[in-house]
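Not measured: the values here are computed from a predicted model.
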Amino acid sequence: MSELMSDAINLMVVGMGFVFVFLVILVFLTSIMSKMVSKYLPAPEPVVAKTKVKKNNASSDAQLLAVLSAAVAEYRSDQKK
Amino acid sequence: MSELMSDAINLMVVGMGFVFVFLVILVFLTSIMSKMVSKYLPAPEPVVAKTKVKKNNASSDAQLLAVLSAAVAEYRSDQKK
Amino acid sequence: MSELMSDAINLMVVGMGFVFVFLVILVFLTSIMSKMVSKYLPAPEPVVAKTKVKKNNASSDAQLLAVLSAAVAEYRSDQKK
Amino acid sequence: MENILNLWTGSGLYNITGGQFAMIVICLCLLYMAIKKKFEPLLLLPIGFGGILANIPEAGLALSAVENALHFQKPEVLAALAEALKVPFEAGQVVTDEVLYSFKEAYKGADSNALAAAQNVAADYGYANGMLKNFYNVVIGSMIGPLLIFMGVGAMTDFGPMLANPKTIMLGAAAQFGIFGTVLGAAFLTSMGIDGMSFTIEEAATIGIIGGADGPTSIFVASQLAPHLLGAIAVAAYSYMALVPVIQPPIMNALTTAAERKIQMVQLRTVGQTEKIIFPIVVLVLVALLLPDAAPLLGMFCLGNLMKESGVVDRLSDTAQNALINIVTIFLGLSVGSKLSADKFLDLQTLGILFLGMAAFAVGTATGVLMAKLMNVFSENKINPLIGSAGVSAVPMAARVSNKVGLDNNPQNFLLMHAMGPNVAGVIGSAVAAGVMIKFLAG
Amino acid sequence: MENILNLWTGSGLYNITGGQFAMIVICLCLLYMAIKKKFEPLLLLPIGFGGILANIPEAGLALSAVENALHFQKPEVLAALAEALKVPFEAGQVVTDEVLYSFKEAYKGADSNALAAAQNVAADYGYANGMLKNFYNVVIGSMIGPLLIFMGVGAMTDFGPMLANPKTIMLGAAAQFGIFGTVLGAAFLTSMGIDGMSFTIEEAATIGIIGGADGPTSIFVASQLAPHLLGAIAVAAYSYMALVPVIQPPIMNALTTAAERKIQMVQLRTVGQTEKIIFPIVVLVLVALLLPDAAPLLGMFCLGNLMKESGVVDRLSDTAQNALINIVTIFLGLSVGSKLSADKFLDLQTLGILFLGMAAFAVGTATGVLMAKLMNVFSENKINPLIGSAGVSAVPMAARVSNKVGLDNNPQNFLLMHAMGPNVAGVIGSAVAAGVMIKFLAG
Amino acid sequence: MENILNLWTGSGLYNITGGQFAMIVICLCLLYMAIKKKFEPLLLLPIGFGGILANIPEAGLALSAVENALHFQKPEVLAALAEALKVPFEAGQVVTDEVLYSFKEAYKGADSNALAAAQNVAADYGYANGMLKNFYNVVIGSMIGPLLIFMGVGAMTDFGPMLANPKTIMLGAAAQFGIFGTVLGAAFLTSMGIDGMSFTIEEAATIGIIGGADGPTSIFVASQLAPHLLGAIAVAAYSYMALVPVIQPPIMNALTTAAERKIQMVQLRTVGQTEKIIFPIVVLVLVALLLPDAAPLLGMFCLGNLMKESGVVDRLSDTAQNALINIVTIFLGLSVGSKLSADKFLDLQTLGILFLGMAAFAVGTATGVLMAKLMNVFSENKINPLIGSAGVSAVPMAARVSNKVGLDNNPQNFLLMHAMGPNVAGVIGSAVAAGVMIKFLAG
Ligand code: NA
Ligand code: NA
Ligand code: NA
């Protein structure tokens with residue numbers, strides 16, 4: 001069998017083997033981690049929500065305000081009619 | 001006449017000449033292209049509109065939603081008064 | 001006294017001295033500047049406001065429009081109920 | 001007058017080669033697919049455009065200063081380069097193709113000193129790197145491009161579904177068989193001795209990584225193991241990622257029974273922020289302990305993900321997902337395009353690459369599905385094997401395909417979230433595979 | 001004590017030269033015009049600021065490591081540099097202006113090896129490039145800056161009006177006469193032999209390009225044909241672009257009759273997206289076939305435009321129009337400012353450049369208008385000659401001027417859209433002119 | 001088989017040193033503080049992450065190509081390097097720690113030629129700079145990183161409150177005593193001759209700058225005077241900035257009477273835009289005339305501020321405050337992290353740095369407060385001494401602390417705006433101090 005062939009088989013065996021070893025360990029670590037987290041530090045959900053909002057940074061907060069006031073103005077003016 | 005002078009004239013003749021050649025060809029190609037397009041593939045206008053909207057990317061869509069709901073909330077609260 | 005020690009003292013004297021000289025001059029220049037400005041060119045306040053708004057660039061102006069119209073639509077639909 | 005002649009003899013029309021013409025046509029097709037068919041346009045549009053630029057006659061945008069100097073074949077320049085590169089040549093000599101070839105070989109094999117000397121000669125005669133060559137050196141040569149894309153991808157990735165059901169990670173592992181199976185295939189193809197269709201082990205590995213269904217990983221590996229194939233590899237990788245909805249379903253249906261396809265999976269638990277924050281750190285530590293060679297790629301990926309999940313540096317994660325990744329994408333695309341030169345691309349090897357790349361996707365899809373079936377043999381709460389195909393990554397396209405095929409078989413069966421698990425696991429899997437290949441074959 | 005003395009002898013007050021003082025004042029005026037008069041502030045503000053930084057005594061922010069090493073005139077450093085640059089000098093020798101001059105000349109003319117040697121000497125003695133010098137090398141030396149600006153401009157350009165009425169492209173062609181006419185003018189001025197007011201053909205061409213009314217094109221050409229004039233060229237180009245509303249109207253009115261100015265043009269047809277997508281590709285192919293030397297500039301321009309019009313990579317076109325172009329603009333401005341050093345700028349040549357640059361704008365405006373009148377002789381559906389002036393580009397200012405002058409003559413006559421055609425055509429026109437100049441004069 | 005052995009002998013587990021393990025733990029703590037305690041997360045998160053990457057065994061991400069070549073100790077490579085670096089060594093020889101040490105010393109002390117030779121050798125044997133090393137060279141080695149951060153900070157700074165009450169600038173001056181006092185402290189500590197705890201004057205100055213309470217300034221100075229301490233310096237600077245609310249109040253209370261803390265200050269006048277526009281230019285000119293060495297740092301700072309206040313280049317100032325500063329922050333953090341290697345950080349010096357850094361903050365706080373009391377002796381409209389502590393900068397945290405302590409003593413007493421004056425003055429003050437140190441100690 002050509003050297004290339006044997007190299008390829010070699011690479012496949014070692015490579016797939018290692019990928020599996022790595023990810024199996026990851027499965028275990030992850031499961032353990034999740035268990036420990038849920039046991040010792042129950043997740044503070046609200047934080048997630050907060051961050052989502054924070055996502056639009058300072059400048060766009062300003063924007064949000066601008067837009068809001070605009071929207072409200074819009075609404076008021078409509079009321080008048 | 002100085003060499004510089006002749007170089008300059010030379011550059012002008014060739015330069016302007018080439019600019020005209022290039023743009024004249026462009027005029028023809030463009031006209032042909034437009035004709036063929038309007039004949040074989042009539043432009044899908046809506047797409048243009050769609051893209052315009054798509055322009056604000058994911059994150060700012062989220063923003064848009066946030067702002068809208070905020071605006072509506074604002075409106076509701078005003079109603080109460 | 002070790003050379004290091006003397007170097008350090010040296011650096012402190014010159015450094016602090018210079019920091020003070022620099023900032024004292026800055027205090028004077030600033031005061032003079034402010035006086036001259038308030039005397040010769042009274043500040044055009046509105047401009048500040050304008051710039052603040054300009055801050056959100058073209059694309060987000062578009063957004064603002066989109067959002068506004070959306071907000072108003074939202075309001076109209078609510079009215080109907 | 002003689003100026004006008006110069007314009008003509010210096011024009012593209014006068015100099016264009018058949019190869020360049022063909023490549024420009026091919027690149028126009030890439031643009032068509034990107035724009036009209038929406039085939040991964042973010043990458044294929046700049047790649048196609050870069051490919052056209054790279055094939056503009058005489059412009060030499062994709063060539064290095066030395067290559068540009070060689071191109072114009074001025075005797076004195078060649079003589080100076082001959083001295084720098086230690087090529088047997090004297091000023092008078094006629095410049096045959098053999099001579100040019102010997103120059104090119106000498107340039108390719110030159111050590112740092114010879115290289116520096118040659119570059120100095122080129123600079124002294126006023127030749128410079130082409131624009132695309134500079135882009136390539138900065139963005140891919142330094143590897144920064146793929147790494148930053150990976151950071152951005154990390155900042156866009158949600159490991160929640162995977163953390164909710166960790167065993168689906170195994171599907172992401174199995175699908176990597178597409179990579180290594182293809183290496184074997186390439187070796188086999190070579191052993192058949194079709195001339196022009198032979199690959200070294202480095203080339204075979206690079207082709208295999210197409211099966212990783214992950215653009216930046218493919219480019220990263222190709223840039224280190226077989227830069228000359230980078231153009232074809234990247235085009236194949238992104239094209240097949242776009243073709244996932246066409247490639248995968250038949251395989252998925254062939255390997256599963258209607259009953260299996262109807263399997264409903266249990267609702268996923270919601271995963272807390274703390275777990276999501278700790279996960280990228282766990283991955284990083286694991287990489288540090290097991291496979292240092294995967295550290296750059298997975299390190300940047302985990303950094304991006306940590307920036308997102310931590311929730312304390314939103315302005316950074318925002319930039320990583322938008323301004324930064326967009327800037328890098330433009331230059332990465334152009335740089336990849338610079339590798340679409342006729343002599344490299346119009347080659348039987350490219351056909352082999354396209355064929356093997358397709359095989360890699362197919363094999364990965366199959367092994368992912370089969371793994372799911374295997375796991376069902378041993379565990380009682382069953383996995384729907386359709387999510388196995390998502391293990392090839394190609395995020396999120398492959399997960400959507402799993403979902404769609406699932407709905408075709410059972411309109412109540414929403415697999416999307418379940419498929420996201422193996423989908424993102426596949427990204428880690430192929431990065432690990434890349435690390436192994438680089439460890440054994442690079443440098 | 002001796003420390004305090006050092007502070008004083010190292011201070012700007014102690015070392016400032018008349019030239020530096022004058023340049024700082026000039027740059028303050030630039031800042032004033034940019035901020036108060038809104039003269040192209042995006043460029044003139046960073047340019048003016050960079051100019052001040054470049055003229056800070058002793059800081060050497062705009063100097064290379066070797067120039068900084070020369071500046072401090074340490075005997076041992078000069079001796080080492082003398083050896084590297086092959087200048088006759090030994091350590092003991094007094095440093096006269098002639099000696100320094102010989103060093104500077106040797107440095108300017110040094111080949112790559114001598115240069116590397118000199119840089120090594122400077123580095124070994126602890127001298128480094130100034131901040132602005134580094135910016136200049138990266139942003140302009142590599143040409144990346146103007147190219148990225150051009151990509152961004154492409155992503156902001158709408159060729160719709162031009163496609164709706166292609167023959168207006170001819171106006172954009174005619175206006176380029178301002179460029180080449182000015183080259184002639186510069187040559188003529190030189191032939192008059194006013195001393196200090198003489199230009200080489202490269203310098204003449206660089207000055208002419210001011211008539212292109214297009215900042216990045218001017219900087220691109222200047223960086224390749226006459227880097228020492230870059231500062232003056234860029235300042236002239238951007239200042240006159242800001243002055244378009246002052247320069248053009250009188251010329252437009254002088255060359256047209258009231259009747260002509262009242263001509264109403266037929267409503268433009270709407271142009272479909274498909275045409276807009278194909279156009280940049282047509283331009284690119286044309287460049288590839290006719291003028292490879294214009295490929296970098298027009299290639300990036302077309303890429304930007306294609307990203308915008310294709311509508312499938314909006315996040316990229318968005319970044320190209322915002323984050324990316326803004327970042328580049330800051331550094332481009334500072335880099336241009338680094339060329340505003342007293343010895344280069346306070347020079348009769350600069351007056352010549354300012355004068356000729358103004359002429360270039362005027363001539364371009366005139367030829368644009370005249371071309372429109374000429375075309376009216378032959379075609380029946382008339383063009384309003386006022387839109388001819390927009391052919392100089394200076395997008396969109398020149399088009400607005402056409403519109404305004406039109407409205408002055410006929411309040412119902414909105415020429416803006418009609419003027420946008422020649423306006424954008426002018427950008428392509430001057431890029432082509434730049435390509436021709438670079439082809440004949442560069443390297 | 002032997003492949004699997006390679007995997008194991010190449011793994012982190014097999015190669016990790018105690019030092020690397022300790023550093024990874026320390027970096028995990030940094031991440032914890034950044035994410036959970038919100039300690040300056042924008043910097044400490046990337047720094048901590050970079051620190052982990054830098055300590056991954058065998059990956060050599062923070063090492064230069066030559067250092068990587070040395071690490072693997074291949075005889076032929078060492079022999080070639082020995083020749084390049086002029087180290088006595090022949091191929092056969094056993095590689096003892098002394099030998100390696102002699103190589104490292106030779107590499108550190110190499111002149112440009114030897115360096116280039118060594119780098120060529122490393123490249124020829126296939127060794128390259130680690131990823132983080134490249135980041136460090138580009139972002140910090142070139143000094144661009146801290147400068148761009150400073151520009152962004154300038155674009156976020158409002159000098160209004162300071163302009164409304166200029167004499168508060170003096171508080172910003174006084175607080176800089178923390179810097180120079182600490183230099184003295186470091187010298188004193190050294191003179192006590194605790195071994196491992198001795199500093200050169202350059203190191204002492206670098207430690208002092210921590211008292212500037214200004215990240216980019218600290219990094220800028222450290223990169224020029226003592227790069228080997230950069231990691232510890234940056235970590236100390238950012239940690240203590242986060243700890244300002246803990247460090248300052250006790251000192252403020254100890255040095256002031258309840259009566260003083262209750263002092264109400266007169267409402268600040270509103271400052272017009274014109275003043276705000278002119279101020280950065282005034283600072284720039286002053287720097288140009290008095291301290292050219294502070295020009296890069298304060299120049300970029302003033303540019304950012306001018307872009308903001310001028311109101312005519314909002315798109316640039318916007319980018320400087322967002323996309324640009326964010327991108328730079330990511331790379332700056334990783335680059336700083338690359339300096340967190342065990343051999344540099346696990347050292348008595350680091351303890352000294354942490355201790356002295358704390359002292360610097362404390363001293364600066366105290367002198368700021370005392371200066372305020374001193375000024376009250378001479379002027380009739382009294383300053384509340386609590387705002388003196390804000391002079392250390394640490395914008396805006398220190399100002400908030402002044403406000404909070406003020407409210408604790410008098411719920412009606414809002415000092416925030418008053419404290420912003422000395423707060424921003426402190427930024428200028430420490431930049432000036434940095435300039436003086438660089439002038440006397442650099443190069
Ligand atoms: Na994958
Ligand atoms: Na033009
Ligand atoms: Na400070």
Does any backbone or side-chain atom of [X] lie under 4.5 Å from a heavy atom of chain D? Answer side chain, backbone, both or neither.
| X | value |
| --- | --- |
| L61(F) | side chain |
| A117(F) | neither |
| L324(F) | neither |
| I52(F) | side chain |

F21(F), CZ atom: more than 12 neighbouring heavy atoms under 6.0 Å: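 No, because the 6.0 Å sphere around CZ of F21(F) holds 12 heavy atoms or fewer from other groups.
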Approximate separation, where rounding is to 0.5 Å, of L290(D) CG and L7(F) CG: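 L290(D) atom CG to L7(F) atom CG measures 9.5 Å (nearest 0.5 Å).
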Side-chain touch [X]/[Y], heavy atoms, less than 4.5 angstrom:
| X | Y | answer |
| --- | --- | --- |
| I281(D) | F49(F) | no |
| I35(F) | L306(D) | yes |
| L316(D) | I327(F) | no |
| M131(F) | I144(D) | no |

Not counting sequence neighbours, which residues clear ring-ring contact (aromatic ring centres under 6.0 Å, His included) with [X]? List them please.
| X | value |
| --- | --- |
| F135(D) | F331(D) |
| F180(D) | none |
| F103(F) | F89(F) |

Closest contact, heavy atoms only, L45(F) versus V313(D):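 Residues L45(F) and V313(D), closest heavy atoms: CD1-CG2, 4.3 Å.
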Closest contact, heavy atoms only, A323(D) versus A323(F):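 What the structure gives for the nearest pair is CB-CB, 4.1 Å.
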Residue A288(D) versus chain F: region with a heavy atom under 4.5 Å: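 Looking at A288(D), backbone and side chain both touch chain F.
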Proximity breakdown for M151(D) and chain F, heavy-atom pairs closer than 4.5 Å: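 Just its side chain gets close to chain F.
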Test side-chain contact (heavy atoms from CB on, under 4.5 Å) applied to L53(F) and L284(D), step by step: CA-CA 8 Å; L53(F) 291 176; L284(D) 176 66; 3.7 Å; yes
Greatest number of heavy atom pairs closer than 4.5 Å to chain D - which of P41(F), G60(F), A59(F), G130(F):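 So the answer, after comparing P41(F), G60(F), A59(F), G130(F), is P41(F).
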Show me the donor-acceptor pairs under 3.5 Å between chain D and chain F.
unit_1, atom_1, unit_2, atom_2, d
S112(D), N, D124(F), OD1, 2.9
S112(D), OG, N120(F), O, 3.3
S112(D), OG, D124(F), OD1, 2.6
N113(D), OD1, N120(F), ND2, 3.0
L289(D), O, G12(F), N, 2.8
L289(D), O, L13(F), N, 2.9
R315(D), O, N326(F), ND2, 3.2
R315(D), NH1, Q321(F), O, 3.4
R315(D), NH1, N326(F), OD1, 2.5
R315(D), NH2, Q321(F), O, 3.3
T319(D), OG1, N326(F), ND2, 2.8

